[in-house]
Student: 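Have a look at this one before I ask anything.
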Amino acid sequence: MINISGLDALTHQLDQAQKAFEELDGELGVVNFDPNDPASIEAAIQEVEILVDTKARPWADNPLVSQLVEGMKEQYRQGIIDRAAAARLEAEGK
């Protein structure tokens, strides 16, 4: 018989991660920003990060959830930056 230690802990982490995924799935909230104002863009990024952290707070000590949260924050950050750049380009083209 093979004894695998740590399996219960991993199963618990995976269960928590699934709950966190379900909580973080879908719309987190709405942020607005001025694409021409770097401070406004940064404030929107910070607001999104707070939204993500708040939703994931019950599982903050779970390393799987922490990785998910950091990845989501980076994706949202880049999305806001990309949208701001696209809005500036569109405004210049008019």
Side-chain angles (χ1 to χ4, degrees):
M1 180 173 186
I2 299 174
N3 185 9
I4 302 174
S5 62
L7 193 55
D8 288 339
L10 178 60
T11 301
H12 181 68
Q13 285 182 353
L14 289 171
D15 288 342
Q16 286 184 334
Q18 181 178 353
K19 290 175 185 170
F21 295 151
E22 290 169 1
E23 184 67 25
L24 291 165
D25 188 31
E27 187 174 310
L28 294 175
V30 177
V31 295
N32 295 303
F33 57 91
D34 178 350
N36 296 306
D37 181 3
S40 176
I41 296 167
E42 187 58 35
I45 291 168
Q46 289 180 9
E47 190 174 339
V48 166
E49 289 180 356
I50 289 168
L51 289 169
V52 171
D53 286 338
T54 299
K55 289 267 189 174
R57 185 166 287 128
W59 309 282
D61 61 342
N62 183 315
L64 298 174
V65 176
S66 294
Q67 288 178 353
L68 168 71
V69 165
E70 290 309 311
M72 287 182 74
K73 287 197 253 186
E74 182 55 37
Q75 285 181 328
Y76 283 122
R77 174 183 198 75
Q78 192 59 53
I80 290 170
I81 291 169
D82 291 347
R83 287 183 184 155
R88 287 190 304 271
L89 286 173
E90 184 178 322
E92 289 174 8
K94 289 185 176 180

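Only a predicted model underlies this, so the values are computations on that prediction, with no experimental measurement involved.
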Student: In this structure, would Leu28 and Phe21 fall into the same cluster of hydrophobic residues linked by side-chain contacts under 4.5 Å?
Tutor: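 Yes, same cluster.
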Student: With rounding to the nearest 0.5 Å, note down the distance linking CG in Leu51 to CD in Glu27.
Tutor: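 Between Leu51 CG and Glu27 CD, I get 10.0 Å after rounding to 0.5 Å.
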Student: Look at Glu22 together with Lys19 and state whether they make a salt bridge at an N to O cut-off of under 4.0 Å.
Tutor: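 So Glu22 does not pair with Lys19 through a salt bridge.
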Student: Is any side-chain heavy atom of Ile81 closer than 4.5 Å to one of Ile45?
Tutor: yes
Student: Given side chains that start at C-beta, do those of Arg88 and Asn36 come closer than 4.5 Å, heavy atoms only?
Tutor: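 SC-SC contact between Arg88 and Asn36 confirmed.
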Student: State the CD-CD distance between Glu49 and Glu74, to the nearest 0.5 angstrom.
Tutor: 8.5 Å
Student: Show me the side-chain donor-acceptor pairs of residues 60-69 shorter than 3.5 Å, one per line, residues at least two apart or across chains.
Tutor:
residue: Asn62; atom: OD1; partner: Leu64; partner atom: N; Å: 2.8
residue: Asn62; atom: OD1; partner: Val65; partner atom: N; Å: 3.3
residue: Asn62; atom: ND2; partner: Gln13; partner atom: O; Å: 2.9
residue: Asn62; atom: ND2; partner: Gln16; partner atom: OE1; Å: 2.9
residue: Ser66; atom: OG; partner: Ala60; partner atom: O; Å: 3.2
residue: Ser66; atom: OG; partner: Asn62; partner atom: O; Å: 3.1

Student: Does some side-chain heavy atom of Phe33 sit less than 4.5 Å from a side-chain heavy atom of Glu47?
Tutor: no
Student: Before accepting this row, confirm whether a basic side-chain N of the pair Glu42/Arg77 lies closer than 4.0 Å to the acidic partner's carboxylate O.
Tutor: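 Answer for the salt bridge query: yes.
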